[in-house]
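A note on names: the letters A, B, ... follow the listed sequences, proteins ahead of strands, and every chain is numbered from 1.
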Amino acid sequence: MTASGTFAYGVEFAHLMDLDAIGGIVVKGISMKPIKGNPPPRIWETSSGMLNAIGWQNIGAVDFVTAKLPALRKYRTNIVVNIVGFELDDYLEVARFLNDCPGIAALELNISCPNVKKGGFHFNKDPRDAHTVTAKTKKVCTRLPLWVKLSPNVTDISEFARACEEAGADALSVINTLVGMAIDVEKRRPRLNYVTGGLSGPAIKPIALRMVWQACRAVKIPVIGVGGIATTEDALEFLIAGARAVQVGTANFYNPAASQQIALGLADYCRRRKIGDINEITGSLRT
Amino acid sequence: MNSPEQARLVQPGQFVMLKCAAGINDNPLLRRPFSVFDVDRTPGAGRPRGLVLLVKEVGAGSRMLAALKPGQEVDVLGPQGRPFDLVPGTQGGVSAACLVAGGVGIAALYLLAQRLVQHGVTPVLFYGGRTAADLVLREYFERLGLETHYTTEDASLGEAGLVTCPLDRFLKSRIRTGVRVYACGPWAMMKAAHDLSVKHRVPCEVSLEARMGCSLGACMGCVVRHLAWRWTSARSGFGTR
């Protein structure tokens, strides 16, 4: 799959790769009302990664469903919608709205974005808050599976994984970006207008892999590995650690067909190793 | 850069995204945007066969490009971005065009100058920089037979001062029906060119550049604030009227 926030609304990449060659597209985080996002500069490249503080810029759920979804639905691939909100009610409102829209395969609850200041809830500070938002959203998500995307900016990701599982999450996406920072030493100013930003890209892969491995040991629901995946080998590492699927994120920015290349690479690996079903390697780590 | 397909597709004001590393996952990770300066054509038949880019060494990416040797390959995505509008719909055709360039902004305007000449429009070039050394590639525009106005801040070439001074005089001095301003350069210069266009009631297009991550509208990094506090992807060649 492609990770949220790295593949726009999918259709923007249709001329660069075969959207049907991958398992799914997780579209850019959607809120009920459009959000204009943070003032620039919003991105900064770092060693093997990048910082971003976009601030949930999106066209809103209604425009997404009327202007983007119809074109996207023409593809066979699964469409997963990442949903964002400042308050609990924001999540419920957008989840309720999208739950009734045909053409969506699942919702991914984003309770882990580091780049938004507002919000009364501290979803990634207290597992009980993560539990509350998951349980309440699951209640309105009557038709669609609910995935929860977890933050790595916690001491023990297992607690959050377990809280979301107990609250009824159908799957977990692990991880979102890590909070980071960069400074222009000549101006002594932060490189990002928001000062801090989310670090993504190959730089975070070892951390993501460790957290996926921890989450997989904590819960029975499927864990989707995400964080710095850019090659087939990266994807295999996550599967072996226990992930049931993977999402490709930052790599889409500089290699738009990365997810398709990885999907083909996984098929090749299975053929070469005479593996009939990719699920055979899930969690096959020997320790 | 030999690339017939991209040379055939590119429109004035567009850019390409170059991977400035040996491997796709090598650092620097993100591609770098470069305006397409010119289209290289086969001798005789004049078929497009390659892209000419203007590269200024400023960081790791451009250093890698500058070190390339003939025969080496580069991964190029594009052409990207919204091209300049050559024929504004409601106001009739362009009869005269002011090309306003600041420093390396000149790279986005040469294809446009050629295209305008092909359309029978005589562009006038307003080209400014800090010193004479900043005003590169003047001869390309002179060869097209353009009227040129050069300015430098240190008076080492042309008029002393900012490029908007001769532009202001030019717009003041003539009938402005069918005149269109195209600007590419530093933010303040484009803002000034735009303000003059508003003052003289001529349409203006500016080629905006912001720190860019993907050029695909996916990372939302290159947004620029415009009317009514909306943020939008810059993606170059953004017109204001």
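- Counting non-hydrogen atoms of other residues, nucleotides and ligands closer than 6.0 Å to CD of B:Glu153 gives a total above 12.
- The local environment of CD in B:Gln72 is crowded, with over 12 non-hydrogen atoms from other residues, nucleotides or ligands closer than 6.0 Å.
- With A:Glu12 contributing its side chain and B:Ala218 its backbone, the two residues share no donor-acceptor pair below 3.5 Å.
- Residues A:Leu16 and B:Leu77 have side chains in contact (heavy-atom distance under 4.5 Å, counting atoms from C-beta outward).
- Within residues 2-9 of chain A, the residues having any heavy atom closer than 4.5 Å to a heavy atom of chain B are A:Gly5, A:Thr6, A:Phe7, A:Ala8, listed by residue number.
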Ignoring hydrogens and angles, write down the donor-acceptor pairs under 3.5 Å from the side chains of residues 22-33 of chain A, residues two or more places apart or on other chains.
| from | atom 1 | to | atom 2 | distance (Å) |
| --- | --- | --- | --- | --- |
| A:Ser31 | OG | A:Lys33 | O | 2.6 |
| A:Ser31 | OG | A:Asn58 | OD1 | 3.4 |
| A:Ser31 | OG | A:Asn58 | ND2 | 2.8 |

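- Remark: B:Cys222 SG to A:Ile43 CD1 distance equals 7.5 Å, nearest 0.5 Å.
- Among residues 254-268 of chain A, the residues having any heavy atom closer than 4.5 Å to a heavy atom of chain B are, in sequence order, A:Tyr254, A:Asn255, A:Pro256.
- B:Asn25 is not listed as a side-chain neighbour of A:Pro202, based on a closest heavy-atom distance of 4.5 Å or more.
- Side-chain contact check for A:Met50 versus B:Leu30: some heavy-atom pair is nearer than 4.5 Å.
- Atom CH2 in A:Trp56 sits 15.0 Å away from atom CE in B:Met220 (nearest 0.5 Å).
- Between the B:Arg211 side chain and the A:Pro41 main chain, no donor and acceptor come within less than 3.5 Å of each other.
- Within 6.0 Å of CZ in B:Arg41 there are more than 12 heavy atoms belonging to other residues, nucleotides or ligands.
- Evaluation of the salt bridge (Lys or Arg N to Asp or Glu O under 4.0 Å) rule for B:Lys191 yields B:Asp195 as partners, not counting sequence neighbours.
- Only the side chain of B:Asn27 has a heavy atom closer than 4.5 Å to any heavy atom of chain A.
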